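Keep in mind it's a predicted model, so treat the numbers as computed, not measured.
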Amino acid sequence: MTSENASIQQRVTAAASCRGLSKSFGNVTAVNDLDLEVRFGECFGLLGPNGAGKTTTLEILEGLTAPTSGTVEVLGCSWGAGRDRELRQRIAVQLQETQLAEKLTVSETVRLFRSFYQRGRDPDTVIHLVELDEKSATRVGKLSGGQRQRLAAACALVSDPELLFLDEPTTGLDPQARLKLWEVIEEYRKSGGTVVLTTHYMEEAERLCDRIAIMDHGKVIALGSPAQLIAELDADQIVEFRIAGTLDETGLTSLPGVRRVLARDGAYALTVTEIGHALPALLGELARQRVELVTLTTHQATLEDVFVSLTGRMLRDA
């Protein structure tokens with residue numbers, strides 16, 4: 001990052017922000033009066049079920065889609081105000097699927113993307129960062145899925161952007177490839193970069209994101225750090241169980257330590273405090289109703305549980 005851009009960051013309060021942002025496609029409202037602020041130096045995550053408006057929000061922040069109403073500011077600039085070319089020199093985007101010329105080599109591809117920018121990083125350094133040194137002379141068409149995603153990251157990072165947009169960057173990758181890409185993102189963060197990320201992996205959001213906005217129906221329904229969001233669930237443990245037969249759910253809500261009851265696909269999830277009291281009470285209630293218990297598990301409350309509590313859906317199922 002140049003000293004000029006560092007000076008700009010001192011004058012601008014947020015890396016990206018929107019106020020009263022709305023976007024409609026015909027009669028469908030994808031984003032509905034949205035307010036967001038992404039701070040410099042953080043990894044900000046957008047989570048939500050399909051149709052929640054997160055990708056549309058990202059595309060508006062990237063300058064790819066025009067809003068129906070509201071204001072957007074990115075690195076102190078507004079799209080369409082005569083500084084778009086300058087702004088595109090300062091941001092980078094990695095899509096979920098990036099189509100690259102398959103007959104070019106890894107080295108040729110990264111050098112091509114570097115040529116698009118006035119300033120940037122040494123292509124060989126970036127190739128080393130994403131651990132593709134041994135594939136430098138390999139054609140893109142011969143790369144695995146994980147290698148292609150790391151190459152796409154290299155193409156984004158070679159411009160040395162101040163702000164990096166990542167739209168589900170690890171979808172479809174095996175665990176090892178996903179871990180390597182996480183390390184690339186973390187290295188970028190250590191250099192002072194800012195990330196806006198969408199993901200369908202809760203473990204990814206918990207590891208990478210400083211703050212998370214959970215979206216549904218075009219609005220933010222929860223905002224905070226992963227730890228804050230989990231704390232707001234007001235539960236230490238989640239008790240999940242499945243039964244044979246039917247159950248009167250009203251008997252569950254009054255059990256000691258039970259904060260919420262969620263029924264989904266024939267299974268039940270209780271958010272509880274003081275599991276030592278809640279669990280015996282649950283077993284007693286099932287016995288009272290003469291219901292056969294098929295399975296029962298418990299685990300510490302996670303970000304996934306927050307999402308289910310707020311939306312009624314699992315993130316990947318949504």
Query raised in the report: Does the pair Leu279 and Leu296 meet the rule for a side-chain contact (heavy atoms from CB on, under 4.5 Å), with working shown?
Result: CA-CA 10 Å; Leu279 191 55; Leu296 185 147; 4.0 Å; yes

Donor-acceptor pair between [X] and [Y] side chains, under 3.5 angstrom:
X	Y	answer
Asn32	Thr29	no
Asp167	Thr198	yes
Arg111	Ser107	yes
Thr199	Glu204	yes
Glu162	Thr194	no

From [X] [atom1] over to [Y] [atom2], what is the distance, rounded to the nearest 0.5 angstrom?
X	Y	atom1	atom2	answer
Thr65	Trp79	OG1	CH2	11.5 Å
Ile243	Leu286	CD1	CG	7.0 Å
Arg88	Cys77	CZ	SG	12.0 Å
Leu262	Tyr268	CG	OH	10.5 Å
Cys18	Leu36	SG	CG	4.5 Å
Arg150	Leu157	CZ	CG	13.0 Å

Can you tell me if [X] uses its side chain to pair, donor with acceptor, with the backbone of [Y] under 3.5 Å?
X	Y	result
Gln237	Thr271	no
Thr253	Thr250	yes
Arg189	Gly41	yes
Arg148	Leu151	no
Gln149	Gly146	no
Thr109	Thr105	yes
Glu232	Leu229	no
Ser144	Gln147	yes

Query raised in the report: Is it true that Asp216 and Lys54 make a salt bridge, defined as a side-chain N closer than 4.0 Å to a carboxylate O?
Result: no

Query raised in the report: Does a salt bridge link Glu73 with Arg19, judged by any charged N lying under 4.0 Å from a carboxylate O?
Result: no

Report task. May I have the step-by-step check of side-chain contact (heavy atoms from CB on, under 4.5 Å) for Asp160 and Arg119, ending in yes or no? Result -> CA-CA 8 Å; Asp160 195 18; Arg119 292 188 296 265; over 6 Å; no

Requested in this report: Please test Leu233 against Ile238 for side-chain contact (heavy atoms from CB on, under 4.5 Å), starting from the C-alpha separation and ending with a verdict.
Outcome: CA-CA 10 Å; Leu233 192 60; Ile238 307 297; 4.2 Å; yes

Requested in this report: State yes or no: do Val294 and Leu247 share one hydrophobic cluster built from I, L, V, M, F, W and Y residues joined by side-chain heavy-atom distances below 4.5 Å, directly or via other members?
Outcome: no

Requested in this report: Determine, for Tyr188 and Lys190, whether the Lys NZ or Arg CZ falls below 6.0 Å from the six-membered ring centre while staying within 45 degrees of the axis.
Outcome: no

Report task. Among residues two or more places apart or on two chains, list those pairs meeting salt bridge (charged side-chain N to carboxylate O under 4.0 Å, His left out) that have a residue in residues 269-298. Result -> Glu285-Arg288

Query raised in the report: Can you name the salt bridge (charged side-chain N to carboxylate O under 4.0 Å, His left out) partners of Glu186, sequence neighbours left out?
Result: Arg207

Report task. Considering non-hydrogen atoms only, spot the tightest contact between Leu270 and Val261 and give its length. Result -> CD2-CG2, 3.6 Å

Requested in this report: Please say whether more than 12 non-hydrogen atoms of neighbouring residues, nucleotides or ligands are located less than 6.0 Å from CZ in Arg139.
Outcome: no

Query raised in the report: So does His299 have more than 12 non-hydrogen atoms from other groups sitting under 6.0 Å from NE2?
Result: yes

Query raised in the report: Under a 4.5 Å cut-off applied to non-hydrogen side-chain atoms, are Asp35 and Leu21 in contact?
Result: no

Report task. Just grab all the side-chain hydrogen bond (donor to acceptor under 3.5 Å, both in side chains) pairs involving residues 172-181, residues at least two apart or on different chains. Result -> Arg178-Tyr201

